Amino acid sequence: MTRAVKEAAAVSNLREFYRHFDGDALRDALRRMYLIRRFEEGAEEAYTRGLIHGTMHLSIGQEASAVGSCMDLRKTDYITSTHRGHGHCIAKGANPALMFAEFFGKEEGYCRGRGGSMHIADVESGNLGANGIVGGGLPIAVGAALAIRKQKRDDVAVCFFGDGASNEGAFHEALNMAAIWKLPVLFICENNKYGMSVSTERSMAVRNVADRASAYNMPGEIVDGNRIEDVSEAVMRATARARNGEGPTLIETKTYRIRGHSKSDRNRYRTREEIEEWKTRDPIGHFEANLETFGILGKDEVEAIRLAAEAEIAAGIEFARNGTDPSPAEVARDVYTGGAS
Amino acid sequence: MTRAVKEAAAVSNLREFYRHFDGDALRDALRRMYLIRRFEEGAEEAYTRGLIHGTMHLSIGQEASAVGSCMDLRKTDYITSTHRGHGHCIAKGANPALMFAEFFGKEEGYCRGRGGSMHIADVESGNLGANGIVGGGLPIAVGAALAIRKQKRDDVAVCFFGDGASNEGAFHEALNMAAIWKLPVLFICENNKYGMSVSTERSMAVRNVADRASAYNMPGEIVDGNRIEDVSEAVMRATARARNGEGPTLIETKTYRIRGHSKSDRNRYRTREEIEEWKTRDPIGHFEANLETFGILGKDEVEAIRLAAEAEIAAGIEFARNGTDPSPAEVARDVYTGGAS
Amino acid sequence: MRELSYAQAVQEALAQAMEADSRVFLMGEDIGVYGGAFQVTGDLVHRFGEDRVMDTPIAELGAAGVAVGAALAGCRPVFEFQFSDFATLAMEQIVNQAAKIRFMLGGKVSVPLVMRFPAGSGTGAAAQHSQSLDAWFAHVPGLKVVQPSTPHDAKGLLLAAIDDPDPVMVFEHKLLYKTKGDVPEEAYRVPIGKAVVRREGRHVTIVATAIMVHRALEAAEVLKGEGIEAEVIDLRTLRPLDTQTIIDSVKKTSRLVCVYEGVKTLGIGAEISAMIAESEAFDYLDAPIVRLGGVEAPIPYNPVLEKAAVPQSDGIVASVRSLVTGRI
Amino acid sequence: MRELSYAQAVQEALAQAMEADSRVFLMGEDIGVYGGAFQVTGDLVHRFGEDRVMDTPIAELGAAGVAVGAALAGCRPVFEFQFSDFATLAMEQIVNQAAKIRFMLGGKVSVPLVMRFPAGSGTGAAAQHSQSLDAWFAHVPGLKVVQPSTPHDAKGLLLAAIDDPDPVMVFEHKLLYKTKGDVPEEAYRVPIGKAVVRREGRHVTIVATAIMVHRALEAAEVLKGEGIEAEVIDLRTLRPLDTQTIIDSVKKTSRLVCVYEGVKTLGIGAEISAMIAESEAFDYLDAPIVRLGGVEAPIPYNPVLEKAAVPQSDGIVASVRSLVTGRI
Ligand SMILES: Cc1ncc(C[n+]2csc(CCOP(=O)(O)OP(=O)(O)O)c2C)c(N)n1
Ligand SMILES: Cc1ncc(C[n+]2csc(CCOP(=O)(O)OP(=O)(O)O)c2C)c(N)n1
Ligand SMILES: [Mg+2]
Ligand SMILES: [Mg+2]
């Protein structure tokens, strides 16, 4: 059997996700998950070594949610991201080298060194930006979806946010407007159980963020956020609805951040056991195992993808370190479009 | 039969409302409804004649909601009110003469002429104030309920707001906090079908504001807001729950404002027929008819109550017109408690 | 020339902008069939349809964010706050997002957003509906802030704001909506960032904004009868400030009075005064710089108090007189 | 005397206030078991329990409103914003409600509310986590605004704020949290509304706030070597302003430099400058009034740019030197 035929045979019995995407797409998804993981490990190390300043929020453990959400998106579809936004950025198509350049504060960075981790963006690939304000991206995504409608495009806007963000008024206002105007927007809540130190049990009176969808007469779907198939299939259903003019969807991906909230976290609000337990549900391990079991990728191919990701990350860091420092004379540059200040 | 016995006999077959309240309480409720109606008619006339400046929002048609909500409250229970707050103020026990004094901008007014209609308050009777900001009172009521809890009182805080206000982020944040902390607060949404000119059909994707209660794991009750019995019984159930430590309730009173939104309204967003239709469901007429049918009040007694209310309103306007004008030299008075500025 | 009211001038600018550019649309509370709380949008919804004159729910933060997102994605939203006071609910989107996105993203995007703020006191609407918060916005890099005082400028500055690739905040004074003035029919622009001398004089410079321009001009007329010739500058743009026009005037007159409705402390006059005190005009100053701003209190409901809370023309006359007298 | 860090001093004030008055409680995001984003509340939750050290959901507007309501109903809430930038979400409750309720209700109630705002740049947290918005609050009658620069004042001003019957906004600079200084153990108060002269001098007055006080003192030390004696005033309270202390100093030195981290335009220095320019001190001025404030841009992420965006001590030295040179 040729590889293509083997793939086809193996795939025919499989669920939608493995039938919808071809081998290249699946390989690319795994590659992106590795890129995210290694990117964040690399960033973490650089931060610890004092090469990157500020703070950063790592999404290690949440890669399936980011990649599964973006796999089937077009370049012209928008995403809005969060303070925990590295994964979304890579998943939507950004170049890790240019992200590192940003983290190192270089002119080559996506934001010319002005934004850093919390404002990482790649407008070219449709990422309108991470956001330092919890919930800040919610209405912005609705606005992008409104623009799509006005421009008569059939693109969608995908809005990432956390469980904690769903307690902000912006969540309520954004979902309500998206619903009454039936806009093509997906609200993807990455519920990692905590908003910083506060568990969802303490911050909301319902069990699931998706339970809130009914207040907007909007479908609310809950998926295992550590299984890329589950995430991706839910997102595909929701994008189809959205492109079809049927309005917004709220999807809740149940996941977990393995690292602390940010670099200052002492993990006082959760147990070591909980963290260890979630490590056993690693989204990359899960996906890899499936790809191998279903005969879609061999061990050697997986290994090659991993190594390539590692090499790309190492090269990206090298690229970033050699980047150009902005000049202090340009501190007030790009405040206004015309250049006035 | 003595009157008391007659009352008792008539009442025994009646619903809870008529059994819970004695004749005095029912008479007082009717009196308050008349006071509200006449107060607003008087204020409207004074405004039209140029005696009162600014703007005002009349609640004519919504009297049952205000009075029914406050009938069973204690003086130490709090209410927070809205821009359409005259009814709540009178229902909670304020003196219309001092309200008029406020509208006429006099020192004798509840706010010494500094607040006017939109900030009418009577802290003595537990009214923490109307609010010019739609949704502004929602979190404040939750805070008052938190204080009640901290002070180990079994009082409640009753928060009035409109259908339009339920689209504000403050609504979401306030209900969520009340729910997670199980605070003794009642959220009473007076759904009069419009937020200014925008109908609930256009401003929310669910049919009822009460449908949103499930997002907070909170009971959501819908009542006919023009029937004082319905309102009052729902409120009594909710206060009982709240005093008992069982947490907040969302009550939606379906009602209608007969007058325009404010004095600048040209009623372009609704039909004359709709207004006429709602006039036939007058809450005062309904209550009066019931009181008479059930033999609780005679026609003559009703008449006496109405006349007394009219006399009280006329005297109140007279009192107000003769009030003291604040001195311009005191324009910055009461900005700070100590008097510093 | 044709006369229009200030509100009509704003409406004409909106209509012309929407006609000329399909990316332009309006958002706000009750701007559709109601015509806006101050009847500024009037019947535009009937002319342009509900998609371009969009009533929003009462949700200022979210709606402002929708405008930001639409601007980022290629539209040109013009957002009406029903009262400028409600901007307090949307500062997050205005200040953290609209004003900063371009900078934070290294200049890769623009946010062509216009927000209109009916502001000021005098309508008896009390403390939560009468604020003048323009100084807050003028403190924020990334925003531009204009404040037209005439129908002519209301139209021209708004059209310039809609053209502008960056977020422009337009403060409209509620008491001016019904004032009338000459307004050309064509779609002209008044440049953002340029003050204008409304009246020439040589004894004192009065820099005023919005309705205070008219009170300053009234005062100047009275002062003229006393032999005091006041130069009146209409600031028009609060950010970026037209420093040169003010400096030139002060160098000529040697005295400066700033008149504005916002609270005196840290109102726009504080900036004008400080700018002059550190400029080349400092050496020309013959007298202290006087500021007449709102009193240090919320706006009261009572109409007499309400008037006492902000500068009136007799107060301007008295201040200028005592500043100039004996020093001419 | 015993040394504490600024963060410890704040924490001690909170603990002492809670011990002394059962009405006092704390609200904020992650102030409980997490100990606060800047570890200011630390272990207080273990000492006082979750009812008095309340973690709120991420809902700044609502939580601020809860604090207002609790204050109205007899409590004494002390509210922590995780970063001062997030106040943009709560301006409605702070400005329309907390600041105005007493006035709007004719003096019938008070709102004894304290809000704490970790503010300022220097931590690499970029444009949405580094703002200095203190001037906005100082523009609002009904609020009081303090900004301690030392551990001693951090404790004393906070205790005074908690005693105060009106809403007091406390701006704490993030870079100061780890700085140390003498802090008495007992519960003392530093009066709101009083500036303090940190260093006496006769050639120039430098009025500074928060971390700029330290940079100004460093600059003064350098300037001393050049024969320039700078008087350094720590403003401490932004509203109400201690005008007399500044006026007296300027009358002595004849020159004024204001140093603050907020954006230069309409930052607190604008008010200080304008206040002096209209005061009796005007006639004593020998030179323009100089303001050193934040650049007209959001705070950039890159650390070199971030430093360049706000005054540093060498910049203060250079400014003072050029102001004074040849004029002593
Ligand atoms: C408006 C606002 N409030 C608070 C913060 C501080 N903060 C940053 S992330 C975070 C927790 C967010 O929780 P969640 O939305 O669940 O996202 P997660 O961090 O879990 O990915 C908090 C409180 C902020 N950045 N913005
Ligand atoms: C924050 C805010 N936004 C807008 C307004 C203007 N406004 C005043 S009342 C009102 C309608 C409120 O509708 P609803 O809550 O249903 O109350 P109703 O007027 O119907 O009693 C609006 C838009 C306001 N006062 N505050
Ligand atoms: Mg989370
Ligand atoms: Mg309504």
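Values in this document were obtained by computation on a predicted structure and should not be read as measured data.
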Tell me, for Ile268(C) versus chain D, whether the close heavy atoms (under 4.5 Å) come from the side chain, the backbone, both or neither.
both
For Gln128(C), run the side-chain hydrogen bond (donor to acceptor under 3.5 Å, both in side chains) check against Glu92(D), Lys100(D), Gln97(D) and tell me which one passes.
Gln97(D)
CZ (Phe282(D)) and CG (Asp286(C)) are apart, to the nearest 0.5 Å, by 7.5 Å
In Å and rounded to the nearest 0.5 Å, what is the CZ to CD distance from Arg239(C) to Glu296(D)?
4.5 Å
Answer yes or no: does atom NZ of Lys251(D) have more than 12 heavy-atom neighbours from other residues, nucleotides or ligands under 6.0 Å?
yes
Which one, Glu278(C), Met275(C), Met91(C), Glu60(C), leads in non-hydrogen pairs under 4.5 Å with chain D?
Glu278(C)
Where does Ala126(D) contact chain C at under 4.5 Å (heavy atoms): side chain, backbone, both or neither?
neither
Please state whether the side chain, the backbone, both or neither of Glu280(C) comes within less than 4.5 Å of a heavy atom of chain D.
neither
Between Ile289(C) and chain D, which part of the residue has a heavy atom less than 4.5 Å away: side chain, backbone, both or neither?
both
Specify the closest pair of heavy atoms between Ala297(C) and Phe103(D), including all atoms of both residues, with the distance to one decimal.
CB-CE1, 4.2 Å
When the 4.5 angstrom heavy-atom criterion is applied to Ile299(D) and chain C, the contacting part is backbone
In terms of heavy-atom pairs under 4.5 Å with chain C, which of Ile276(D), Leu266(D), Ile272(D), Val263(D) leads?
Leu266(D)
Checked Gly106(D), Ala270(D), Ser273(D) vs chain C; the most non-hydrogen pairs under 4.5 Å come from Ala270(D)
Can you tell me how far the CG atom of Leu89(C) sits from the OG1 atom of Thr88(D), to the nearest 0.5 Å?
11.5 Å
NZ/Lys108(C): more than 12 non-hydrogen atoms of other groups inside 6.0 Å
yes
Could you measure the distance from the CD atom of Gln131(C) to the NE2 atom of His139(D)? Nearest 0.5 Å is fine.
8.5 Å
Closest-packed option against chain C by number of heavy-atom pairs under 4.5 Å, given Leu61(D), Leu241(D), Val290(D), Val95(D):
Val95(D)
